[in-house]
Amino acid sequence: MQKTGKAAKKVTVSIDGRPVTVPEGTTILEAARQAGVKIPTLCHHTDLKPRATCRLCVVEVKGQRRFQTACNTPVADGSEILTNSKAIREARKTILELLLADHPQDCLKCVRNQNCELQKLANEYQIREVAFERSEKDLPLENTNPSIVRDMNKCVKCGRCVEVCQEVQQVAAINTANRSVDFGVSTAYGESLADSPCVYCGQCIAVCPVGALTEKDDTARVWEALDNPELHVVVQTAPAVRVALGEEFGWAPGTISTGKMVAALRRLGFAKVFDTNFTADLTIIEEGNELLQRIKEGGVLPMITSCSPGWINYIEKFYPELLPHVSTCKSPQQMFGALAKTYYPEKAGIPAEKIFVVSIMPCTAKKYECTRPEMQSSGYQDVDVVLTTRELARMIKQAGIDVEALSEEEYDAPLGISTGAAVIFGASGGVMEAALRTVYEVVTGQELKDVDFKEVRGLTGIKEATVDLAGTKVKIAVANGLANAKVLLEKIKAGQCAYHFIEIMCCPGGCIGGGGQPLGTTVAIKEKRLEATYDIDRGLKLRKSHENPAVKTLYEEFLEKPLGHKSHELLHTVYSKRKY
Amino acid sequence: MSGELKKEQVLKIIKSKGKEKEQLLAILLEIQQASGQNYVDKKWARLVADELGLPLTKVYDALTFYAMFSTEPRGKYIIEICQSAPCHVMNKAALVQMFEKQLGIKMGETTPDGLFTLQYSACFGACDLAPAVKIGEKVYGKLTAQKVAEIIANYRGVSVCPK
């Protein structure tokens with residue numbers, strides 16, 4: 001990484017004849033960037049370790065016989081570096097040609113067309129023909145699971161997905177395998193992802209530079225539903241989509257696009273545009289009450305949140321013995337689906353069988369979640385199709401909607417009404433903070449003046465705090481990313497865990513960093529999405545879930561009471577050990 | 001297919017190597033040898049992974065990196081024909097053809113009776129015998145079609161009469 005020790009010595013180097021002073025230990029790549037030179041990279045990713053496998057970042061260092069890879073070579077004081085010599089340009093061109101020699105030439109038909117790091121480099125280096133003999137492999141396309149499609153013919157063997165799966169998430173469903181010309185990325189014994197430990201988080205897709213890993217595209221199914229006059233097609237949008245969707249249209253990361261997104265969804269033809277935030281508020285009421293019940297009645301503690309489907313897949317596969325710790329609450333997406341085909345039809349006077357529910361999620365694991373057999377409590381599949389943020393953007397572009405020109409619009413009532421506590425579900429720590437806002441008032445009977453629980457915010461992997469609830473000290477922890485979740489789970493297993501309540505999100509940073517979000521996500525971009533998320537919350541009048549008027553009405557008209565009979569039927573679920 | 005290996009046997013092999021991650025290759029080799037089919041079945045790879053506290057994908061990476069391992073059943077006898085330069089110029093191709101004809105299989109395949117697998121090998125230092133072939137630990141060189149037939153018959157446990 002580009003991290004340097006504290007009070008690092010400064011060194012001065014020459015990059016293409018211009019001096020630049022950087023802290024000792026800075027890589028050539030980073031030093032060049034500071035000197036205004038963008039050295040091309042393919043395997044490199046700002047948030048991951050330098051690996052120097054693609055060799056595209058080679059530079060000349062005076063006095064060194066061989067080219068050096070800029071991504072992992074620290075600058076030496078006084079060295080003279082050439083990033084754009086004839087020899088370097090030729091070397092890079094050759095490397096690109098070699099990469100292209102076994103890369104399919106079907107860019108026009110590729111999901112990453114115009115958004116591919118290899119294509120971009122080929123264009124920058126003006127590759128017009130490839131001197132090498134083509135050596136394409138004919139590896140089978142894997143598209144048998146609901147979430148992730150793998151086309152290893154397109155793999156450039158950069159190893160980013162491997163690092164994410166092995167180290168960041170520690171799921172280890174994929175790894176490098178074989179050697180020489182057969183070297184590549186594979187599951188164990190070439191098994192399908194469905195048979196592997198894969199949790200469908202899609203973090204591999206988020207770092208793939210090319211079209212080797214993509215989400216299963218379900219836009220065709222949504223168009224078909226929208227074109228069917230018999231169907232009443234409603235849509236829900238997850239909290240983290242509104243702070244990321246804009247990136248797909250070239251807007252700055254952190255742009256809040258809620259109003260325009262709602263307007264665009266109406267233009268696409270959805271009969272009602274609802275909000276997953278509504279059921280996020282509902283989740284807080286159910287889950288908050290579940291927590292209080294567990295504390296009062298000596299239930300299994302710590303209780304762990306259940307919103308993140310990648311996390312649920314993980315605990316079912318890796319720590320089934322800890323499943324009693326997981327809240328029985330369904331995720332907000334699935335609570336929405338169950339209500340959209342029970343409560344909503346009653347209220348709207350539309351038969352449930354005519355209702356088609358589409359979710360827009362920052363997540364690929366949600367695609368799998370909606371197909372679970374448990375998720376049919378309305379008598380139908382509660383959520384019919386899940387689209388990622390990326391797929392929604394594709395539909396908007398395909399429909400020719402000029403989002404820039406749209407006026408902002410509001411969500412439909414009642415399933416579109418929500419509070420600030422719901423929108424922060426998109427950020428790591430958000431569910432915890434939202435729960436605390438409600439639990440505090442329920443327990444103490446007093447108004448919570450300062451609703452900001454800042455200690456649980458931010459991208460730190462594990463966050464801990466103790467909250468005073470009228471004398472009862474509640475110990476909480478928040479983890480994002482599965483490697484961090486694992487740390488907490490091992491603590492629970494070892495009995496070294498005094499927490500009452502734990503929030504776990506599968507993806508680093510929470511849903512704002514989900515596997516279905518716009519590509520090119522980095523820590524810096526996640527920070528922007530977080531800022532936007534808390535900006536939305538701060539700007540709202542209602543910031544506590546129990547103040548949501550539509551949720552109150554829902555209990556009065558339909559559910560009766562939290563954790564009641566109907567809630568259990570529609571809003572809660574069971575988990576089971578899953579083999580892999 | 002997990003051959004005739006039993007779980008207890010595999011556990012014993014793992015235990016005999018001290019159940020250490022550093023012993024991964026030695027453990028896998030012994031399992032492969034004990035398998036009767038010269039390969040490491042997924043079932044046993046998973047057991048090794050669990051016992052050593054490694055992800056299965058890491059074990060698979062090792063198994064597919066080293067040429068000595070196979071993840072698919074192979075013949076009881078592995079016939080390895082050297083494909084390095086000295087053997088190549090000494091007409092390795094003809095030797096391959098002799099074995100293919102004698103065994104009725106192509107390079108990389110296993111005879112239907114599960115006895116022989118024909119594959120290439122890197123140099124094993126028998127350049128003086130080029131083109132050289134290795135079956136198990138035994139090295140043969142300067143072969144003729146007839147000698148190939150004899151060798152195969154020997155491994156099959158039958159005798160052949162010279163024409």
Under 4.5 Å to a heavy atom of chain B? For A:Gln170 that would be neither
CG of B:Asp61 to CD of A:Gln166, rounded to nearest 0.5 Å, is 8.5 Å
| query | What do you reckon, is NZ of B:Lys76 surrounded by more than 12 foreign heavy atoms closer than 6.0 Å? | reply | no
Item to check | Exceeds 12 heavy-atom contacts within 6.0 angstrom, atom OH of B:Tyr66 | outcome: no
Practice item. Please check if atom CD in B:Glu100 has more than 12 non-hydrogen atoms from other residues, nucleotides or ligands closer than 6.0 Å. Key: yes
When every non-hydrogen atom of B:Ala67 is compared with those of A:Arg179, the smallest separation belongs to N-NH1, 4.2 Å
Residues A:Ala177 and B:Tyr60: closest non-hydrogen pair is CB-CE2, 3.8 Å
Inspect the surroundings of NZ in A:Lys137 and state if more than 12 heavy atoms from other residues, nucleotides or ligands are less than 6.0 Å away. yes
Original post:
Under the 3.5 angstrom rule, does the side chain of B:Thr57 hit a backbone N or O of A:Ala172 as a donor-acceptor pair?
Top reply: yes
Okay, A:Thr187 and chain B: the region with an atom under 4.5 Å from a heavy atom over there is backbone
Between the CG atom in A:Asn178 and the OG1 atom in B:Thr71, the distance rounded to the nearest 0.5 Å is 8.0 Å
* pair B:Leu63-A:Tyr189: side-chain heavy atoms closer than 4.5 Å -> yes
